[in-house]
Amino acid sequence: LIFFLARPYLPSLARGVIGKDIILLIDTSASMQTLEGNRTRFQLAQEEALKLVDGMGVSDRMQIITMHTRPHILNDFSGNKDELRRLIRELEPIDTGNNMNEALSLAISLLRHLGNGELHVLTDTEPLHPIDSNVRFANLAGSSANNVAITGLNVYQDMFKGYGEREAYVTLENFSDDSKTVLLKPYLNQEQMQEQVVELIPGEDKTVRIQDIRGPGLLRVELSPSDALGTDNRAYAVIKHIKTLRTLVVAEEQLFVEEIRKIENASEQIEFTVIPPSSYTPDVVKNYDMMIFHNYVPQEYPDTNALFIFPPKDNKFFHVKDWVRGATFIDWDSSNPLLRHLDYMEDLWIYKAIHLEPNGELKPFIMAASVENDFPLALAGIVHGKRAVVLGFDVADFNLSKAKNMPILIMLLNIIQWLNPHGAGAYQIKTGEPFIVDLKDQQETKEVILVTPKGKTVKINATGSPLTIMDTHNAGEYVLKSGKDEVRFVANLFDEEESNIRPTSQRKDNMEFKEAATSIYVKEKRMEFGRYILALVALLLLAEWILYCLRTRSTVT
């Protein structure tokens with residue numbers, strides 16, 4: 001026992017191998033679907049990745065990261081080659097753009113925490129800046145440069161047009177080095193419409209008009225013949241059913257009511273119901289598609305899209321900094337959907353205005369100037385999941401029948417269309433962007449079914465409303481089913497950087513790649529044998545007990 005407590009040991013030397021930690025960053029964006037001969041760039045990337053796995057040593061480990069709109073880490077570091085091969089073979093490119101800067105930042109930050117690591121990037125683009133010596137870029141872009149893409153599809157289907165008056169505008173761009181002649185084929189609900197031949201010189205873009213849209217449904221536009229990148233040869237849009245926009249107007253002033261009635265009389269698709277603020281209750285919201293509040297803000301925020309015109313200073317939701325007497329419009333963005341077709345607002349005089357304070361949810365889209373300073377005059381954004389617009393001037397001060405006040409009328413129509421929950425613009429997004437939808441009566445947890453363009457069915461447990469859909473990585477039509485309700489929306493690539501598949505030249509300022517090397521370590525090891533002494537003590541005690549028993553039996557006999 002004394003020998004055991006002394007913990008005796010025999011010295012020995014242990015030898016081992018320190019393996020490499022390999023980070024593999026694979027580009028899965030849309031341009032990786034480009035054909036190089038009979039294989040795509042992504043297939044070439046998979047072959048390179050499998051070669052890296054095959055070349056791994058016994059002690060090497062690998063982590064795989066994909067990059068498109070955002071990076072995604074597939075696994076922890078692993079030396080299981082079969083599992084790594086399975087992960088690589090199951091990867092597929094998707095129809096989105098590529099956020100290389102974010103992906104590289106993530107991979108390099110992980111690499112810097114590794115003592116013996118290296119990073120391999122498989123992509124078809126080049127880094128913007130020189131990369132460290134332990135980073136290897138494999139540019140898989142070959143000689144393919146034959147691509148004509150659809151870079152835009154807009155359907156004008158406002159509240160003043162019937163089905164027959166609706167028009168679609170398709171933007172085509174030639175990213176090839178040669179002139180191209182393509183055939184534009186539009187389809188409405190699988191029924192082919194009139195084809196158009198379009199000629200494009202290298203680098204040229206053209207906008208083509210599609211007319212005779214005779215009803216609601218899915219508008220699909222295709223290009224032929226096919227080229228090196230097929231995913232940008234198709235685009236989709238939702239042609240919405242003509243539906244009356246039921247709007248509740250909460251206003252006291254009769255002059256304001258008379259002005260907005262002029263908008264209602266100009267369109268059969270708008271229906272205004274006017275009540276005074278004293279009659280308003282939060283329950284009435286569920287019967288309307290949107291709200292307009294004039295010089296009034298309720299105590300409880302409405303559960304619908306809303307326009308707030310000239311809110312009082314003591315309201316609960318929008319901070320009014322000060323009153324302003326006399327101001328002019330000085331800065332606005334005509335590309336903003338709220339200000340479309342407005343290029344001449346500086347001649348309008350605002351008799352009374354309020355200085356609005358922007359916040360994290362509401363951003364200014366019109367600036368005004370008074371004698372003293374410049375200030376935000378109109379705000380827009382998402383509040384509690386609903387679209388909201390706040391105007392810091394009184395529409396009742398402008399006679400909308402007069403030609404000089406036409407910009408105010410156009411702006412109001414743009415705002416109403418933006419707030420319209422039935423507008424087609426709300427059902428068309430770019431691939432990779434989230435889709436936000438309001439589900440009626442979605443107060444408790446409920447299963448929602450999402451059917452993707454590839455026919456994949458995804459079950460979503462939705463709690464409350466609005467619902468945000470993140471799995472929008474493929475171009476095409478999505479179907480969202482919730483009980484008896486069904487919502488259809490489309491996603492399109494519309495990314496010029498992805499469609500420009502011309503090979504980029506290899507960078508000359510990168511440092512030469514320095515491969516991480518495995519190393520052998522020798523470590524002194526103590527082989528303690530105290531446990532064997534303890535076992536020997538146990539055996540001696542057992543032998544002593546057996547001997548004692550035998551002697552006792554012999555004495556009794």
Side-chain angles (χ1 to χ4, degrees), residues 12-30 32-33 36 39-94 96 98-100 102-125 127 131-140 432 452 454 456-459 470-471 473-474 513-523 525:
S12 64
L13 296 178
R15 289 177 172 81
V17 177
I18 300 176
K20 298 185 292 184
D21 287 328
I22 304 169
I23 298 177
L24 178 62
L25 185 58
I26 303 181
D27 189 347
T28 56
S29 63
M32 293 294 285
Q33 301 176 44
E36 299 287 352
R39 291 178 298 175
T40 65
R41 292 175 180 176
F42 186 75
Q43 289 171 332
L44 296 174
Q46 282 180 311
E47 292 177 6
E48 286 289 325
L50 292 173
K51 288 178 183 177
L52 278 173
V53 174
D54 293 339
M56 287 173 57
V58 176
S59 302
D60 294 344
R61 304 183 306 162
M62 178 181 286
Q63 184 176 61
I64 303 172
I65 304 175
T66 60
M67 63 174 174
H68 38 88
T69 51
R70 52 188 174 272
H72 177 62
I73 299 175
L74 288 187
N75 66 310
D76 293 327
F77 279 99
S78 172
N80 187 333
K81 291 187 178 183
D82 290 336
E83 178 65 15
L84 293 171
R85 292 188 187 100
R86 183 189 66 81
L87 289 173
I88 292 170
R89 291 191 179 108
E90 289 179 354
L91 287 176
E92 292 182 350
I94 56 179
T96 68
N98 180 9
N99 191 344
M100 179 180 286
E102 184 179 346
L104 272 179
S105 297
L106 171 64
I108 291 176
S109 66
L110 293 173
L111 183 64
R112 286 172 179 167
H113 288 85
L114 302 175
N116 192 34
E118 59 187 38
L119 170 62
H120 295 260
V121 185
L122 306 180
T123 182
D124 59 353
T125 58
I131 305 297
D132 295 337
S133 61
N134 56 348
V135 180
R136 169 180 167 262
F137 257 81
N139 192 332
L140 301 163
T452 70
K454 290 192 172 184
K456 178 184 175 184
T457 299
V458 181
K459 294 183 179 180
M470 301 299 297
D471 187 9
H473 296 139
N474 295 109
F513 175 65
K514 184 178 180 181
E515 184 179 357
T518 58
S519 59
I520 299 175
Y521 68 87
V522 178
K523 182 179 180 181
K525 191 175 181 182

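For the numbers below, each heavy atom of this structure counts, side chains included, while hydrogens, waters and symmetry mates do not.
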Only counting residues at least two apart or in another chain, list the ones meeting side chain to side chain contact (heavy atoms under 4.5 Å, CB included) with [X].
{"X": "Ala49", "value": "Leu24, Ile26, Ile88, Leu122"}
{"X": "Ser109", "value": "Leu106"}
{"X": "Ile108", "value": "Arg112, Leu119"}

Please name the pair of heavy atoms, one in [X] and one in [Y], separated by the smallest distance, quoted to 0.1 Å.
{"X": "Phe77", "Y": "Ile22", "value": "CE2-O, 3.6 Å"}
{"X": "His473", "Y": "Gly432", "value": "CD2-CA, 4.1 Å"}
{"X": "Pro71", "Y": "Ile65", "value": "CB-CG2, 4.2 Å"}
{"X": "Thr28", "Y": "Glu92", "value": "CB-O, 4.1 Å"}
{"X": "Thr40", "Y": "Met32", "value": "CB-O, 3.8 Å"}
{"X": "Ala107", "Y": "Leu25", "value": "CB-CD2, 4.3 Å"}

According to salt bridge (Lys or Arg N to Asp or Glu O under 4.0 Å), who are the partners of [X], at least two apart in sequence or on a separate chain?
{"X": "Asp27", "result": "none"}
{"X": "Glu48", "result": "Arg136"}
{"X": "Arg70", "result": "none"}
{"X": "Lys51", "result": "none"}

**Asked** So, does Lys20 use its side chain to make a donor-acceptor pair with the main chain of Glu118 at under 3.5 Å?
**Response**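 Flag not set: sc Lys20 to bb Glu118 has no pair under 3.5 Å.
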**Student check: side-chain heavy atoms of Asn75 and Leu84 closer than 4.5 Å** =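 Touching, per the 4.5 Å side-chain cut-off.
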Distance check, rounded to the nearest 0.5 Å: [X] atom [atom1] versus [Y] atom [atom2]?
{"X": "Glu102", "Y": "Met67", "atom1": "CD", "atom2": "CE", "result": "11.5 Å"}
{"X": "Phe42", "Y": "Leu140", "atom1": "CZ", "atom2": "CG", "result": "10.5 Å"}
{"X": "Asp60", "Y": "Ser78", "atom1": "CG", "atom2": "OG", "result": "11.5 Å"}
{"X": "His120", "Y": "Asn134", "atom1": "NE2", "atom2": "CG", "result": "9.5 Å"}
{"X": "Gln63", "Y": "Leu87", "atom1": "CD", "atom2": "CG", "result": "11.0 Å"}

**Asked** Ile73 and side chain to side chain contact (heavy atoms under 4.5 Å, CB included): which partner among Ile64, Ile23, Leu110?
**Response**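 When Ile64, Ile23, Leu110 are each tested with Ile73, the side chain to side chain contact (heavy atoms under 4.5 Å, CB included) holds only for Leu110.
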Among all residues two or more places apart in sequence or in another chain, which pass the side chain to side chain donor-acceptor pair (under 3.5 Å) test with [X]?
{"X": "Arg85", "result": "Asp54, Asp82"}
{"X": "Thr96", "result": "none"}
{"X": "Arg86", "result": "Glu83, Glu90"}
{"X": "Gln33", "result": "Asp95"}

